[in-house]
Amino acid sequence: MTRRSWKSTLASVLLATLALTVTGCKPQARYPLDTLAPTSDLTKSIYDLFVEVTVLDIIVLIVVVGALFLAMLVFSTRTGGPRQPSVKHSDMYLEMAWTIIPALILLAITVPTVRVIIRTQPYTWPKDTLPVEVIAHQWWWEFHYPTLGVETADEVHIPTGQTIHFELFSKDVIHSFFMPQVGGKRDVIPGQENQITLVADVPGEYYGQCTEFCGDSHANMRLRVFVQTPADFEQWVKHQLEPPVKPSSGPGAAGAKIFANAPCAICHTVRGVSGFSKEYTYGFRGPDLTHFGSRSTLAGSMMDNTPQNVARWIRNPDEVKPGANMPTLGISGGEMNELVAYLESLK
């Protein structure tokens, strides 16, 4: 290979490295599950560690590749006849160098990593910490606020500026709770409690996803995180504690009777109509629907909460989410419209 071709190859490698660095380290939200747009102290710590380790890796890459190309250029252009091979069996200084240098590089990565782990996984929390229990099901997320008396599904609300302590449990198989912009990722394992502690900074709506294969509809097990100002969060809590709407006439009232008499009331809770205690373990337990109409999504945050999508979900759940535990109820026509009207009235 000629000197010109080596220079061209080296330039291409350096340009590719620069492009990856610029595009990979830009903290700007571009995708729903963007891990490079942190909005909490936890994800900012992870992002800073990522940048720190990446910069170190790039420096090592440049040194190694530079030395490689330099050696090839130097030795490929030497003139004269070949020399006698060296009879030296070892070089103590060289062996010390290639042992010490990698050890120092590993130390430079290990120290900040351990520092971030200690800072982001504390053993104690401030007195005003808000605990949130996260229970993973096939295939939806259940959220309990034990100190507030609130329960919801697939959509979790948290305030800014307050320590949030997520306690993660699974009711069936291994899941993984992934909130890339807000809370990073943790496995959710049956019989074990895992935790995430964070302080959110930026109000907004953020996407989440189960990232551990957990069955047929693993990819359909999504969630939304709503980060709100303290005032907005307090208003949301106040609304969640209110009793559900009870339509007195029209399609909603007729739908309430259908709900109470159909298998819906066996699996789902609507306060004042049906419900189970938190300790209920017999059979399948579906999401709490007390304020279903106020949610923006349904079916594991797969679809927007619209009357058309609610009817589609009730008509054939397994078509929307393969392997879903919700049975096909055989409701259609006017009864379907009335049932949907009731569910959408549960604001």
Side-chain angles (χ1 to χ4, degrees), residues 1-28 31 33-38 40-80 82-123 174 176-181 183-187 189 192 194-198 211-213:
M1 185 176 289
T2 64
R3 182 187 295 271
R4 185 175 180 180
S5 62
W6 279 118
K7 289 182 177 179
S8 177
T9 303
L10 178 60
S12 299
V13 171
L14 292 176
L15 286 174
T17 302
L18 179 62
L20 288 172
T21 303
V22 172
T23 58
C25 296
K26 188 176 182 181
Q28 176 181 351
Y31 309 106
L33 297 176
D34 192 353
T35 59
L36 302 179
S40 72
D41 62 338
L42 171 61
T43 50
K44 287 177 182 176
S45 296
I46 296 172
Y47 175 81
D48 291 341
L49 176 63
F50 164 75
V51 172
E52 185 176 345
V53 173
T54 301
V55 170
L56 177 62
D57 292 342
I58 291 173
I59 293 173
V60 173
L61 175 66
I62 292 174
V63 171
V64 172
V65 173
L68 173 66
F69 275 88
L70 180 62
M72 288 190 293
L73 288 172
V74 169
F75 287 102
S76 66
T77 57
R78 293 177 62 181
T79 59
R83 294 185 301 176
Q84 290 295 323
S86 173
V87 295
K88 193 173 183 179
H89 296 290
S90 65
D91 187 328
M92 180 61 67
Y93 294 106
L94 183 60
E95 292 182 8
M96 289 176 61
W98 68 41
T99 301
I100 294 173
I101 292 175
L104 292 176
I105 294 173
L106 289 175
L107 186 64
I109 294 174
T110 301
V111 170
T113 301
V114 172
R115 185 178 66 242
V116 169
I117 291 174
I118 293 173
R119 184 170 64 243
T120 58
Q121 299 186 36
Y123 288 101
I174 297 177
S176 190
F177 190 58
F178 184 43
M179 306 179 292
Q181 292 180 244
K185 181 191 299 184
R186 284 287 189 285
D187 281 349
I189 302 172
Q192 176 177 320
N194 284 348
Q195 303 172 350
I196 296 177
T197 305
L198 60 90
T211 52
E212 181 76 30
F213 181 73

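Counting from 1, the numbers follow the sequence of the chain as shown.
For residues 104-114, the set of pairs meeting the salt bridge (charged side-chain N to carboxylate O under 4.0 Å, His left out) definition, not counting sequence neighbours, is empty. Applying the salt bridge (charged side-chain N to carboxylate O under 4.0 Å, His left out) test to residues at least two apart or on different chains, the pairs with a partner in residues 100-118 are Glu52-Arg115. Within the structure, salt bridge (charged side-chain N to carboxylate O under 4.0 Å, His left out) contacts touching residues 96-105 (residues at least two apart or in different chains) do not occur.
The side chain to side chain contact (heavy atoms under 4.5 Å, CB included) test applied to Leu68 returns Met72, not counting sequence neighbours. With sequence neighbours excluded, the residues that form a side chain to side chain contact (heavy atoms under 4.5 Å, CB included) with Ile189 are Ile174, Asp187, Gln192, Asn194. With sequence neighbours excluded, no residue satisfies side-chain hydrogen bond (donor to acceptor under 3.5 Å, both in side chains) with Gln121. Residues meeting the side chain to side chain contact (heavy atoms under 4.5 Å, CB included) test with Val114, sequence neighbours left out: Thr110, Ile118. Residues passing the side chain to side chain contact (heavy atoms under 4.5 Å, CB included) test with Asp57 are Val53, Ile109, sequence neighbours excluded. When the salt bridge (Lys or Arg N to Asp or Glu O under 4.0 Å) test is applied to Arg119, no partner is found at least two apart in sequence or on another chain. Checked against salt bridge (Lys or Arg N to Asp or Glu O under 4.0 Å), Lys185 has no partners two or more places apart in sequence or in another chain.
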Inset, instruction - Evaluate the criterion side chain to side chain contact (heavy atoms under 4.5 Å, CB included) for residue pair Leu42 and Thr197; output intermediate values, then yes/no. - result: CA-CA 8 Å; Leu42 171 61; Thr197 305; over 6 Å; no
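Exactly one of Ile58, Val64, Val60 qualifies for a side-chain contact (heavy atoms from CB on, under 4.5 Å) with Ile62. That residue is Ile58.
Between Leu198 and Asp41 the shortest side-chain heavy-atom distance falls below 4.5 Å. For the pair Phe50 and Val116, the minimum side-chain heavy-atom distance is 4.5 Å or more.
Contact record, Phe178 with Thr211: CD2-CG2, 3.4 Å, taken as the closest heavy-atom pair.
For the atom pair OG1 (Thr43) and CD (Gln181), the distance works out to 8.0 Å, reported to the nearest 0.5 Å.
Here the side chain of Arg186 pairs a donor or acceptor atom with the backbone of Gln195 at under 3.5 angstrom.
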Taking distance alone, no hydrogens or angles, what donor-acceptor pairs closer than 3.5 Å link side-chain atoms of residues 94-107 to residues at least two apart or in another chain?
residue	atom	partner	partner atom	Å
Thr99	OG1	Glu95	O	2.9

